[in-house]
Asker: 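Would you mind keeping the following structure in view while I ask a few things?
The basis for the numbers below is simple: all heavy atoms, side chains too, and nothing from hydrogens, waters or symmetry mates.
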Amino acid sequence: MLVTAAALLVIRGVRAAALRGVDRAVVAGATSGLMNSAAGVGGPAVSLHAVNSGWTAREFVPNAQLYGVVVNAFSLAAKGVPQLDPPAWGLVTVALAGGAAAGRLLTARAREPRARTVVLGLALAGGVSTLVKGVSGL
């Protein structure tokens with residue numbers, strides 16, 4: 001619910017100066033790591049922090065990639081490697097490679113406002129899907 005509400009506020013143009021800065025980035029990272037480990041939805045917190053702070057795509061992408069490697073390594077350490085059958089691992093590998101290839105192709109074509117819209121849309125979708133999953137599990 002919190003991710004969905006935050007995404008909607010940022011999409012509407014709300015920015016909070018109090019949420020900018022290194023110490024707030026650490027809080028966003030810790031929140032994202034906790035959310036990633038607990039519910040598998042860690043990306044939106046960092047994405048929303050980046051948009052709120054006015055990061056460009058050129059600043060966001062390498063930081064998000066490094067952050068993703070670190071937070072997912074910690075999540076694997078905390079929860080262990082997922083127990084998937086070989087076809088599922090193959091699908092995961094194809095999806096990762098396809099996403100990386102699509103990202104490389106789209107990077108050259110994406111303008112800053114469009115990239116920001118996509119990031120916010122993905123953050124909102126992550127929040128909504130986690131909310132639906134949580135409510136349906138009640």
Asker: Go through the structure and list residues passing side-chain contact (heavy atoms from CB on, under 4.5 Å) with T56, not counting sequence neighbours.
Answerer: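 Here the qualifying residues are R58, E59, E112.
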Asker: For the backbone of G126 and the side chain of S129, can you confirm whether one donor and one acceptor N or O come within less than 3.5 Å of each other?
Answerer: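 Yes, the answer is positive, given that a donor and an acceptor are paired below the 3.5 Å cut-off.
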Asker: So, for A57 and P62, which heavy atoms are closest and what is the spacing to 0.1 Å?
Answerer: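 Heavy atoms of A57 and P62 come nearest at O-CD, 4.4 Å.
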Asker: Could you pull out all residues at least two apart from A78 that satisfy side-chain contact (heavy atoms from CB on, under 4.5 Å)?
Answerer: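 For A78 the side-chain contact (heavy atoms from CB on, under 4.5 Å) partners, ignoring immediate neighbours, are S37.
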Asker: Looking only at heavy atoms, which two atoms of P82 and W89 are closest? And how far apart?
Answerer: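 Closest approach of P82 to W89, heavy atoms only: O-CZ2, 3.4 Å.
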Asker: Out of the candidates L124, T130, L131, only one should pair with V128 under the side-chain contact (heavy atoms from CB on, under 4.5 Å) rule; please name it.
Answerer: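 So the option named by the test is L124.
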Asker: Who clusters with F74? Use side-chain heavy atoms, under 4.5 angstrom, across I, L, V, M, F, W and Y, and order the result by chain and number.
Answerer: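 Members other than F74 - counting any ILVMFWY side chain reachable under 4.5 Å - are L66, V70.
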Asker: Is V69 linked to Y67 within one hydrophobic cluster, defined over Ile, Leu, Val, Met, Phe, Trp and Tyr using a side-chain heavy-atom separation of less than 4.5 Å?
Answerer: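 No, V69 and Y67 fall in different hydrophobic clusters.
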Asker: By side-chain contact (heavy atoms from CB on, under 4.5 Å), which residues pair with V118, not counting sequence neighbours?
Answerer: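 Applying side-chain contact (heavy atoms from CB on, under 4.5 Å) to V118 gives L122.
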Asker: Can you list everything that forms a side-chain contact (heavy atoms from CB on, under 4.5 Å) with P113? Sequence neighbours excluded, please.
Answerer: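 side-chain contact (heavy atoms from CB on, under 4.5 Å) list for P113, sorted by chain: R111.
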Asker: Indicate the atoms forming the closest heavy-atom contact of W55 with R116, along with that distance.
Answerer: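 Looks like O-NH2, 3.5 Å.
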Asker: Partners of N72 by side chain to side chain donor-acceptor pair (under 3.5 Å), sequence neighbours excluded?
Answerer: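 Once residues adjacent in sequence are excluded, the partners of N72 under the side chain to side chain donor-acceptor pair (under 3.5 Å) criterion are N36.
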Asker: Looking at every heavy atom in both T4 and G127, which two are closest together, and how far apart are they?
Answerer: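 Minimum heavy-atom contact is OG1-C, 3.0 Å.
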